[in-house]
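Order of listing sets the numbers, starting from 1, for every ligand and every atom in it. Owing to the predicted nature of the structure, the values given are computational and were not obtained by experimental measurement.
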Amino acid sequence: MSNKMKVLLTGAAGFIGAHVAQALLNRGVPVVGIDNLNAYYDPGLKRARLKALCDAPGFELIELDIGVPDALASAVCAHQDVTHVVHLAAQAGVRHSMIDPYAYVHTNMQGQVAVLECARRLPKLQHVVYASSSSVYGRNRSLPFRESDPVDVPGSFYAVSKRAAELTSESYAHLFGLPQTGLRFFTVYGPWGRPDMAYYGFAHAIASGEPVTLYAGSELARDFTYIDDVVGAVLGVLDRPPEAGVARLLNVGNDSPCTVRHLIGLLARELGRDALITDVPRPGSDMLRTWAAVEDIRAISGWMPAMPFDEGIARFVAWFRAYEGL
Ligand SMILES: NC(=O)c1ccc[n+]([C@@H]2O[C@H](COP(=O)([O-])OP(=O)(O)OC[C@H]3O[C@@H](n4cnc5c(N)ncnc54)[C@H](O)[C@@H]3O)[C@@H](O)[C@H]2O)c1
């Protein structure tokens, strides 16, 4: 990475954000982190992720809500030397968007505009890399999902908010020349992961002898992607911006889907417990299968996912046991 880089990173206390921040700091790149540490899931986990970052030279945290444009603009104003923006803050979680859709409008839609409004005024800005999601493929059935596929049939309001963010970026590239890359992440898992995600909840249930709820029997499958591979994808594209005026979209997935039933078996094996499975019908918000075609990102940065699924789950469980004190 260039030694003249300075990164503004939103969602720095989040699962992916904290790992990306650490990787940048390890490479000597200064990071200005932004996060509001909200209580969508345990803020204690967010603070624990931040602990290691805050001890590192070159890291600064600004606690604010990206959905409040004036607050964001005045904070960013003090960092005119930022060269790259990595925008990962979001109201994540698919099912919660049925309960509180306005949180998705506020952070994922208004927040995207607020971040881009700041980015376009930064005099040294070279590239905005932001998080999108495999959810935008919605009810598409043709696998693997390709960036060129139509994305007009969202299955959740979360997907709508992520697609709206992509379209916002497309317009800012066109209108203001901002080079941008939207990364469509596919089910990211690993140490320091999100407690609201299924694999984390399954680990809890198995460890405490409670039943695990499985949707759609053996049909449900995900392209589970290990956190270190995701960090590699972000860093790999960060200093390879598209030309001015272009907002490109790239899948970041494992290109090797696994059934959720298989995931439950691996977790049970690593935890040394039996999994009690309750089969129930799939809710409409959940996709049946995901699978990323990754030729496009490979062509740009040479990136390929590397972590075998059983090894990634073993690493997650080792961290989970230590963090949860099991
Ligand atoms: N983890 C996955 O499997 C996955 C898959 C697809 C897409 N994504 C996307 O990747 C990004 C990072 O996801 P993650 O798994 O690290 O989620 P996360 O919830 O752990 O991290 C998001 C962070 O953003 C912060 N945040 C939320 N709203 C904010 C606001 N209004 N202002 C400031 N900060 C705010 C949260 O406090 C949190 O620390 C998100 O954009 C998410 O939608 C994640």
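- Residue contacts with ligand 1: Gly111 is excluded, as none of its non-hydrogen atoms falls under 4.0 Å.
- By the 4.0 Å N-to-carboxylate-O rule, Glu166 lies too far from Lys162 to be salt-bridged with it.
- Here is the list of ligand 1 atoms found below 4.0 Å of a heavy atom in Thr187: 3 (O).
- Under a 4.0 Å criterion applied to the non-hydrogen atoms of Asp65, ligand 1 contributes the atoms 30 (C), 31 (N), 32 (N).
- Remark: Arg184 qualifies as a cation-pi partner of Tyr137 under the 6.0 Å distance and 45° angle criteria applied to the six-membered ring.
- Among all non-hydrogen protein atoms, the one lying nearest atom 26 (N) of ligand 1 is Asn36 OD1, 3.5 Å.
- Side chain to side chain, Gln91 and Tyr158 fail the donor-acceptor criterion of an N or O pair below 3.5 Å.
- Close approach of ligand 1 to Leu64 is summarised as follows: ligand atoms under 4.0 Å from at least one heavy atom of the residue are 32 (N), 33 (C).
- Near Leu37, meaning under 4.0 Å from one of its heavy atoms, ligand 1 places the atoms 37 (O).
- Heavy-atom proximity to Val188, at under 4.0 Å, picks out these atoms of ligand 1: 1 (N), 2 (C), 3 (O).
- Set against the non-hydrogen atoms of Leu88, the atoms of ligand 1 under 4.0 Å away are 11 (C), 12 (C), 40 (C), 41 (O).
- There is no side-chain donor-acceptor pair under 3.5 Å between Gln112 and Asn108.
- Between the side chains of Ser169 and Gln180, at least one donor-acceptor pair of N or O atoms lies under 3.5 Å.
- The aromatic ring centres of Tyr199 and Phe320 sit 6.0 Å or more apart.
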Side chain to side chain contact (heavy atoms under 4.5 Å, CB included) between Leu266 and His262, worked out: CA-CA 6 Å; Leu266 288 179; His262 181 62; 3.8 Å; yes

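- Of all protein heavy atoms, the one closest to atom 24 (O) of ligand 1 is Ala89 CA, 3.4 Å.
- Summary of contacts: the protein heavy atom closest to atom 43 (O) of ligand 1 is Tyr158 OH, 2.7 Å.
- Polar contact with ligand 1: present for Lys46 (N/O pair, distance under 3.5 Å).
- Contact analysis puts Lys162 in contact with ligand 1, with a non-hydrogen atom separation below 4.0 angstrom.
- For atom 9 (C) of ligand 1, the closest non-hydrogen atom on the protein side is Ala131 CB, 3.8 Å.
- The nearest protein atom to atom 13 (O) of ligand 1, hydrogens excluded, is given as Ile16 CD1, 3.9 Å; this is a heavy-atom distance.
- The environment of Asp274 atom CG is sparse: at most 12 non-hydrogen atoms of other residues, nucleotides or ligands sit within 6.0 angstrom.
- Taking atom 6 (C) of ligand 1 as the reference point, the nearest protein heavy-atom neighbour is Phe185 O, 3.2 Å.
- Of the N or O atoms in Phe186, none lie within a sub-3.5 Å distance of an N or O in ligand 1.
- In this structure, Val85 is not a member of the same hydrophobic cluster as Leu235, with clusters built from ILVMFWY side-chain heavy atoms closer than 4.5 Å.
- Counting only N and O atoms by type, the side chains of Asp239 and His84 include no donor and acceptor under 3.5 Å apart.
- To the nearest 0.5 Å, atoms CD (Glu60) and CG (Leu9) are separated by 12.5 Å.
- Here the heavy atom of the protein found nearest to atom 7 (C) of ligand 1 is Ser132 O, 3.1 Å.
- Using cut-offs of 30° and 60° for the angle between ring planes, the Phe145 and Phe186 rings count as tilted.
- Tyr200 and Leu214 fall within a single hydrophobic cluster, where Ile, Leu, Val, Met, Phe, Trp and Tyr side chains are chained together by heavy-atom contacts under 4.5 Å.
- Close approach to Arg194 involves these atoms of ligand 1, each under 4.0 Å from a residue heavy atom: 1 (N), 2 (C), 14 (P), 15 (O), 17 (O), 18 (P), 19 (O), 20 (O).
- At a 4.0 Å cut-off, at least one heavy atom of Met197 sits close enough to ligand 1 to count as contact.
- In terms of polar-atom proximity, defined here as any N/O pair under 3.5 Å, Asp35 does make such a contact with ligand 1.
- Close approach of ligand 1 to Gly11 is summarised as follows: ligand atoms under 4.0 Å from at least one heavy atom of the residue are 23 (C), 24 (O).
- At a 3.5 angstrom cut-off on N or O pairs, Phe15 counts as close to ligand 1.
- Of the polar atoms of Gly14, at least one N or O is found under 3.5 Å from an N or O of ligand 1, judged by distance alone.
- An N or O contact shorter than 3.5 Å links Tyr41 to ligand 1 by distance.
- Ion pairing of Glu324 with Arg321 is absent here, as no side-chain N (NZ or NE/NH1/NH2) approaches a carboxylate O to less than 4.0 Å.
- For atom 32 (N) of ligand 1, the nearest protein heavy atom (residue, atom name, distance) is Ile66 N, 2.9 Å.
- Residue contacts with ligand 1: Ile34 is placed with no nitrogen or oxygen under 3.5 Å of a nitrogen or oxygen of the ligand (distance criterion only).
- Between Phe15 and His19, the angle of the ring planes goes over 60°, which puts this pair in the perpendicular group of the 30/60° scheme.
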